[in-house]
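Numbers restart at 1 for each chain; the letters A, B, ... are given by sequence-line order, proteins then strands.
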Amino acid sequence: MAADFVQNWLATTPGFATPFLLAALGLMINERAGVLNLGCEGMMLVGAMTGAVVSFHTGLAGAGVPVAMLAGALVALVFGIAVVVFRTDQVLTGLIIVAFGDGLTGVVGRPYMFEKVAGFRDLDLGPLSDIPWLGPILFQQDILVYAAAALAVAVWWGLDRSDVGLRLRAVGEDPATADIAGVNVQLFRLAAVVLGGALCGLAGAYLSLASSFVWTEHMVAGRGWIVIALVIFSGWRPGRAVIGALIFGGAEALIPRVQAMGFDVPIYLVGMLPYVLTLAVLIVPTILRGERSPAPSALLLNYLRQDRR
Amino acid sequence: MTNALEIVGASKAFDGRPALRRASFACGWGEVHALLGENGAGKSTLMNVACGLYAPDEGTIAVDGEPAAITAPADAARLGIGMVHQHYKLVQRFTVAENIVLACRDALGVRRPRDAAGAVAAKAAEVGFEIDPGAVVGALSIAEQQRVEILKVLLLGARILILDEPTSVLTDQESVQALTFMRRLADDGHAVVLITHKLREVIGYSSRVTVMRGGETVLAGAETAGLDAETLARTMVGEEGEAPERHARPLGEVRLRVEDLSVRGAGSIGVDGIDFAVRGGEIYGIAGVGGNGQQELADALTGLRAPARGRIAIDGAELAGRDVPAFRRRGLRAIPADRFRTGLLAELAVYENHGVTGVPAGEYGSPALVRRGAMRAAAAQSIEAYSIHGAAPGTAARLLSGGNAQKLLLARELRGEASVLIAHSPTRGLDVSACRTVHELLQGAADAGTACVLISEDLEEVLALSTTVAVISRGRLVGAFEAGQVSRAEIGRLMLGHA
C-alpha cells in the first residue's frame with residue numbers, strides 16, 4: 001500500500017511540475033536579460049483562459065496551445081513596452097499586470113467557467129509505458145511534459161551556449177557595456193520579455209488543458225508567485241529549475257494523495273506546504289551561498305543611454 | 001609626416017556651460033602623446049569627441065590626414081580610433097573570452113568564446129602580456145582588467161589608442177608596467193594618447209605633450225624633452241605650483257596607541273601585528289603599495305571592522321572591538337579612501353552631509369527635532385570657509401566634483417575638536433589645486449593638536465607631510481623613520497618588500 005502510494009505520487013508529480021517549469025524558464029529568460037517580471041501570475045491566467053476558450057470552440061487542445069502562447073506574449077508585450085521603452089518601475093508594472101490578467105480573464109472567461117474542454121491525455125507509449133514502476137512515472141505523461149523537458153534543454157543551450165544568449169546575458173549583467181558593444185539593449189530586453197510571456201502563457205494553458213480540462217476563475221492560484229521564488233532557488237540555471245519544479249510539483253501532488261488516503265491531517269496544513277517550501281527555498285540557498293547572489297547584476301535596472309556620464 | 005589624429009577648433013557646451021572652447025589637438029603616428037590638465041580641464045571631453053561619444057558644437061576632425069565625419073562610436077572604431085575609458089566596459093561576470101566575443105564578434109568574426117580564446121591568446125602574446133581567456137573578469141585585478149580592455153580595443157583594430165587616466169586606479173608598480181606597455185605600442189607604430197594629470201607620467205613616458213586648461217588648449221604638441229615639471233605644472237594650473245610648506249609644530253602627548261593589532265583581510269592580506277603610537281600634532285604617514293593591508297588598517301582604526309587581536313586606544317581609552325559611535329565619541333575623525341561609499345551620502349544634500357555627524361552629538365537640537373535651519377547655516381559657513389565650489393547647502397553631494405566633495409568631507413570631519421584623524425588616500429583622483437588644499441587642511445588639523453594618520457599610496461605626499469614615515473608591506477609595518485632621516489630609495493625598497 002505504501003509502495004502504491006509512492007508510485008502513484010511519483011507518477012503524478014511530472015504533471016504538477018510542468019507548469020512550474022515552463023513559467024520558470026520564461027521568467028529566467030526575462031531575468032537573465034535584466035527584467036523582473038512579477039506579472040507571471042497574470043500571464044498564466046491569460047494563457048489558461050485563452051487556451052481553454054480556443055479548445056472549447058475548436059475541440060482541439062492543440063489549437064489552444066499556440067493561441068495561449070500568443071496571448072501570454074501579447075500581455076508581456078504591453079508589460080515590456082512599459083518597462084523597457086517607457087522605463088516604468090518593473091515591480092509596480094508587474095503587479096499591475098497580475099491585477100489586469102486576473103480581471104480580464106474573470107470578465108472574458110465568465111461564460112466558459114466550468115465548461116469541459118478538450119485537453120491533453122497521457123500518452124501510451126506501448127511497451128515503455130508498461131514497464132513496472134518506471135513506466136507510469138516516465139512514459140505515461142502527456143506530450144507537454146516531454147515538451148517542457150525539451151524546452152529546459154533548449155533554454156539552457158540558448159542562454160548559456162549560444163551567441164544570442166551571450167548578448168542577452170550581457171544586457172542583463174551590464175547594459176551600458178552591451179550597448180557600447182553594439183547590442184540593441186531595448187530590443188533584446190523586449191524580445192526576452194515577449195518570449196518569457198509566451199512561456200508563461202503556455203504554463204497557464206497547461207493548467208486548463210492538461211491538468212483540469214476546464215477553465216475556472218483564479219485557477220492559477222498563486223503558482224505564478226511560487227515560480228518567482230523557484231527562479232531564485234534555481235540560481236537562474238535551467239537545470240536546477242527542473243529540480244525545483246519537481247520539488248514543488250511533488251509537494252503539490254502530495255495534497256490530493258494525502259486526502260485520498262484519508263490521513264487525519266488538517267487539510268490546511270497540507271495546503272500550506274507549497275508556501276512553506278517557497279520560504280524554505282528562498283532561505284536555504286542564501287545560507288549556503290553566503291553573500292554573493294547569482295542574480296543578474298542589472299536585474300530591475302532600467303537602461304537609458306547617457307549623453308554624458 | 002601626416003598626423004594620426006587631428007582636431008581643430010572643437011567647442012562643446014553642456015546645458016550652456018562650455019566644456020571645450022575651440023580646443024585643438026594633433027598627435028602623430030608612433031608617439032605617446034600626453035594630454036595633460038586638471039580635473040575638468042576638458043581632456044576627456046575632447047577625446048570623447050574624437051571617439052564619437054559626443055558630437056562637437058563646432059570643429060573638425062582628421063584621421064591620418066583625411067577629414068573624418070565621426071558621429072558615433074562605430075565611425076571612430078572604423079577609422080581605427082579606440083578609447084579605454086576610466087570605467088572599463090567589461091561584463092564582470094563574463095570570462096575574458098566572452099567579453100571579447102561580445103565586443104569583437106564582427107571584427108573577429110567569432111561567435112563562440114571557445115573560438116575567441118585563440119585570438120585573445122595570440123594578440124596577448126603579440127603585444128607581450130599574459131591573459132587567461134577563461135578567467136572571469138570580476139576575479140581579475142584592476143590592472144589585469146585594464147589589459148583586457150586594451151586587448152579588446154586592439155582586437156577591434158585600433159591604431160589610435162586613447163587612454164583616459166589609465167594609472168589612476170593602479171599601484172605604482174602596475175602603473176610603470178602599463179606605461180611601459182604604452183611606449184611599446186607607440187614604438188610599434190600606434191598613436192597613443194595618454195590623458196593624465198600626473199606630471200611624472202608626462203615627463204617619463206611621452207614624446208609630446210598637449211596641455212589643456214578651462215576647455216582650451218594652452219600648450220599644443222610641445223616636445224616633452226624640452227620641458228621640466230615646473231613649467232608643465234605652471235602651464236597646467238596657470239600659476240606657480242609648489243610643494244606644500246611643512247609646518248613646524250611641537251608634539252604633545254600620545255593620543256592614539258595601537259598595539260599588536262591584527263585584522264582579518266577580506267580575501268587579501270589583512271593586518272598582522274602592528275604597533276605604533278601617534279602624538280598630538282604628529283602626522284604619522286603610512287606609505288605602501290595598495291592592497292598591503294591599508295584598507296583593513298583604516299577600517300579597524302575607524303571602528304568599521306573589528307580586529308582579530310590587539311588594542312587600539314585613543315587618549316588612553318581602549319576601543320578595539322567597539323563600534324563607530326564609540327570611536328567618534330572619543331574624537332576620532334576619518335577621511336575614507338572611497339569618499340562616496342563610506343564618507344558622504346551621495347544622494348543627500350550638502351547641508352545634510354555636513355550636519356549628519358553633529359545630529360547625534362546634539363549640535364542641531366535634539367535627535368527628535370533637528371533644526372534644519374541651523375544645519376543649513378552651518379553648512380553655508382563651511383562652504384565659505386573651505387571654498388567648496390559649485391555647492392549650495394541644498395545641492396546633492398553627488399553633484400560635487402572630487403575635490404569639492406573632499407573639501408566638504410574635511411569641513412565636516414574637522415568641525416569641533418578632533419583627537420585623532422585617519423586620512424586614507426585623501427587626495428586620490430584630485431587635481432593639483434585640490435591636493436594642495438587638502439594638504440593644508442591636514443597640516444592645519446595637526447597644528448591644532450590632532451594626532452593624524454595619513455595612509456597613502458602616494459609616496460610624494462607621505463614624504464612631504466609626515467612627521468614620521470612608516471611603511472606597510474604584507475600587513476606589517478616594516479620600518480618607521482623620522483622625516484628627513486630616510487631616503488626615498490630606502491622607502492621604495494621597503495614598499496616593494498626588498499628590505
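- A salt bridge between B/Arg93 and B/Glu98 is absent, with no side-chain N of the basic residue lying under 4.0 Å from a carboxylate O of the acidic one.
- Geometric assessment of B/Arg398 against the ring of B/Phe340 yields a negative cation-pi assignment under the 6.0 Å and 45° thresholds.
- Counting heavy-atom pairs under 4.5 Å between each of A/Asp163, A/Asp174, A/Val183 and chain B puts A/Asp163 at the top.
- Proximity to chain A (any heavy atom under 4.5 Å) is shown, for B/Leu156, by neither the backbone nor the side chain.
- Looking at A/Ala170, the atoms closer than 4.5 Å to chain B (heavy atoms on both sides) sit in the backbone and in the side chain alike.
- In terms of heavy-atom proximity, A/Thr93 sits nearest to A/Ala82 at CG2-CB, 3.9 Å.
- Look at B/Lys12 and B/Glu58 and you find no salt bridge, because none of the NZ, NE, NH1 or NH2 atoms lies under 4.0 Å from a carboxylate O.
- Interface remark: of the candidates B/Arg112, B/Arg114, B/Arg105, B/Arg105 forms the most heavy-atom pairs closer than 4.5 Å to chain A.
- Of the possible donor and acceptor atoms, one in the side chain of B/Glu149 sits under 3.5 Å from a partner among the backbone N and O of B/Lys89.
- Interface remark: A/Leu166 contributes backbone and side-chain atoms alike to the contact with chain B (heavy atom separation under 4.5 Å).
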